[in-house]
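Atom set for the values below is all heavy atoms of this structure, side chains included, hydrogens, waters and symmetry mates excluded. So that the names make sense, note that chain A is the first sequence line, chain B the second, and so on, each numbered from 1.
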There are 2 protein chains.
Amino acid sequence: MKKTDINSTEIARLAGVSRSTVSRVINNYANVPPETRDKVLKVIEEHNYFPNASAQVLAGKRSRTIGLFMIEQGRVSGDILTNMLIVSVIEHASEYGYYVLTHILRDAKDAELIKGVREIFYQRRIDGGIFIGADNPEPFIEELIAEGFAIGVVDQELPEHPEPNRIVLNFNNDSGMKQAVAYLAGLGHTNIGIINGDMKRLSGVTKFEGFKMAMRMCGLQVNPRWVLDGDFNETGGYEAIQTLLDRREDLPTAIVAANDSVAFGAIRALKERGLRVPGDISIIGFDDHALSEKHHPALTTIRVDLGDMMKRMTAYLITKIEQKSPGAKEITLDCSLVVRDSCRRV
Amino acid sequence: MKKTDINSTEIARLAGVSRSTVSRVINNYANVPPETRDKVLKVIEEHNYFPNASAQVLAGKRSRTIGLFMIEQGRVSGDILTNMLIVSVIEHASEYGYYVLTHILRDAKDAELIKGVREIFYQRRIDGGIFIGADNPEPFIEELIAEGFAIGVVDQELPEHPEPNRIVLNFNNDSGMKQAVAYLAGLGHTNIGIINGDMKRLSGVTKFEGFKMAMRMCGLQVNPRWVLDGDFNETGGYEAIQTLLDRREDLPTAIVAANDSVAFGAIRALKERGLRVPGDISIIGFDDHALSEKHHPALTTIRVDLGDMMKRMTAYLITKIEQKSPGAKEITLDCSLVVRDSCRRV
DNA sequence: CTGAAAGCGCTTACAG
DNA sequence: CTGAAAGCGCTTACAG
């Protein structure tokens, strides 16, 4: 079915040199005189020759492929975010001449699926991997890091004695929450509630901690009845509001949602029960999801630059793989308030 | 940095057999007695051993990786569709034990980028590839097919003497257009316009052809002033309507858009000019984009199951790679009308 | 049923 | 500056 593949032996023969020299040309070694190099390059060009990647890797080169592992527990609400994130990693990896093997994990606790991830690393299909959506910590990721694989994680803590092959990126959720609460307080809100995210994830915890601290700084009380459980999904926000309304007690005048999807769900539930946003209750989100601007009402939220985060992550990981960076790497990125129409002055 | 990798020699030693036998166990060959197999599997299990993928490929096995090449000329409007499509391919490939190398091509005419695609194939990083968004035909894809690589393409014609390694999947745009026009005619519309897609793509052409045929079947005239150029993007729809309105001539009472993104753009332009949809002009889309339901007005459209298409494509491609299917493969999938709020009776 | 050996297509010390 | 040769870790006829 295939035309005979050409190999380095053939190129060497055609160029009148040895395979060693062909290899030196391909790998851009310094000790090849320009004439030899040009002669070889010409033959390579003419024959559409590309060295077999497996042979190169087996002989010790890198695979120039990174793994992108997305843990998505069946949710779809992250659609647009997910897409932007995948594309961001792929495009930046490609700038470094790296390829991306994307892998989706529907359940990070399923032993078979975990084995599949391990397989990708141990088979040396990839030089390193990026994990999105993992718990903090996630045992199988810890194991891979312990094995020495170069790994980047979003939304996890840096351990006390971090391995040099670990990269951790986070957003400054503390600062984000402070901005959200300060903004609401500035609008005169004192009765502020929160719908939390998934507390197994670092951002679930840091957002709640940030919220509490921010309330304290604004001289406001956290009413435990207005601290609602959620999970970072639209459904979580929807159900949190239903629970709240079913209790038929006092309502907060403003609610901070752990992210925009949660906010969408919350607003949907409020509308269904005849409450207006922001007329009756103000809602502020987190993330600045692509849909937030088009939402009715347009969602006031804390903007986070996920594209930038993935771009950095990709760059750091590749740098790490190429051993141009020594120790562990940790970065915390800023976030900022975006005012739209879902919060009102009281 | 890495613990010493274990290899098949080591496994063989520990299990007290030869590497040949280890290989036979790994590859599930029949001629290994159960006791031997179990003994070897136990050692493999215990040592977390996974055979080096490069060595396997070099020795003649498949890479179990397919390429997903997305040609996206800088547009973002396809966001949700793109995401769904990537995820669909990845998940179905994974069911067959295949990995997906995703690659984004911002410009299918850029020689450097094309070389990058060719490299992936010739380096044998992948066993086959899927192309989305290509022109019909696209020379460099034709070349890859001629080279014998297993390739699946969406939205292209099957040539007269198709190579056995070619897979072509399309939607029945003819039927879709007939449903759209028949529906509008049924609502009493006789003045129906169209905003075309990119005519370099097969669906651009077939949709327009389908439209003309459908108009004829409904006994309606195609007014050339109401045949507007577009490009499958939101902007294309927006600009088409501006051009139309700037001419200050009679307007159609209904417009068929080449896809939903185009319809969104068209509606945005109409609203900006003070025209109501469907009050003044009815608009019908094509695709049933994830946003169409949430759009104001909710978009009446022709639904197409892109997820199903990618699922089939993935399955066909892998079957082809594993040589379980002989000749070329061509499938045309149905589409169906979804009535919402963007068309009215006249 | 099983092992020894060749071979896949590269890279890279080594020697000159 | 350059070539011969070993080695990467598998698979697979081949022989028994």
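Ion pairing of A/Asp38 with A/Lys42 is absent here, as no side-chain N (NZ or NE/NH1/NH2) approaches a carboxylate O to less than 4.0 Å. No salt bridge links A/Arg19 with A/Glu10; every basic N to acidic carboxylate O contact stays at or beyond 4.0 Å.
In this model, a side-chain donor or acceptor of A/Ser20 finds a partner on the base of D/dA4 within 3.5 Å. No donor-acceptor contact under 3.5 Å links the side chain of B/Arg124 to the base of C/dG9.
In this structure, A/Arg124 contributes its side chain and A/Val57 its backbone to no donor-acceptor pair below 3.5 Å. With B/Asp110 contributing its side chain and B/Leu113 its backbone, the two residues share a donor-acceptor pair below 3.5 Å.
Going from atom NZ of B/Lys61 over to atom P of D/dG9 covers 19 Å, rounded to whole Å. The CG-C1' distance, from B/Asn28 to D/dT11, rounds to 15 Å in whole Å. Regarding A/Ile11, its CD1 atom lies at a distance of 16 Å from the C1' atom of C/dT11, rounded to whole Å. As rounded to whole Å, 14 Å separates atom P of D/dG9 from atom CD1 of B/Ile26. One can place CZ of A/Arg125 at 14 Å from C1' of D/dG9, the figure rounded to the nearest angstrom. Taking atom CD on A/Gln123 and atom C1' on D/dC10, their separation rounds to 12 Å, with Å as the unit. When the C1' atom of D/dT12 is taken as reference, atom OH of B/Tyr29 falls 7 Å away, rounded to whole Å. As a whole-Å value, the separation of B/Asn52 CG from D/dC8 C1' is 8 Å.
Across C/dT11, C/dG3, C/dT2, the shortest atom-to-atom separation from the side chain of A/Ala59 is found for C/dT11. The side chain of B/Ala55 sits closest to D/dG9 out of D/dT2, C/dT11, D/dG9. Checked against D/dA6, C/dT2, D/dG9, the side chain of A/Arg19 finds its nearest nucleotide in D/dA6. Distance from the side chain of B/Arg24 is smallest to D/dC14 among D/dC14, C/dC8, C/dC1.
Base contact: A/Asn31 has a heavy atom under 4.0 Å from a base atom. At the heavy-atom level, A/Ser54 lies nowhere under 4.0 Å from the strands shown.
Summarising the base pairing, D/dG16 is matched to C/dC1 through a Watson-Crick or G-U wobble pair whose two defining distances lie under 3.5 Å.
The side-chain heavy atoms of B/Arg37 and B/Asn28, taken from C-beta on, include a pair separated by under 4.5 Å.
Judged by closest nucleotide on DNA chain C, B/Val17 is the one of B/Val17 and A/Thr9 placed further toward the 5' end. When each of B/Leu58 and B/Thr21 is assigned the nucleotide of DNA chain D with its nearest heavy atom, B/Leu58 is the one assigned upstream, toward the 5' end.
Close to C/dT2, at under 4.0 Å from its OP1 or OP2, lies a side-chain N or O of B/Thr36. Between A/Ser18 and D/dT2 there is no side-chain N or O to OP1 or OP2 distance below 4.0 Å. An OP1 or OP2 oxygen of C/dT11 is reached within less than 4.0 angstrom by a side-chain nitrogen or oxygen of A/Asn27. The side chain of B/Tyr122 places no N or O atom within less than 4.0 Å of a non-bridging phosphate oxygen (OP1 or OP2) of C/dG9.
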Check the pair B/Tyr49 / B/Val43 against side chain to side chain contact (heavy atoms under 4.5 Å, CB included), numbers first and verdict last. CA-CA 8 Å; B/Tyr49 167 72; B/Val43 178; over 6 Å; no
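Distance check on atom P: D/dC14 versus D/dC10 gives 24 Å, rounded to whole Å.
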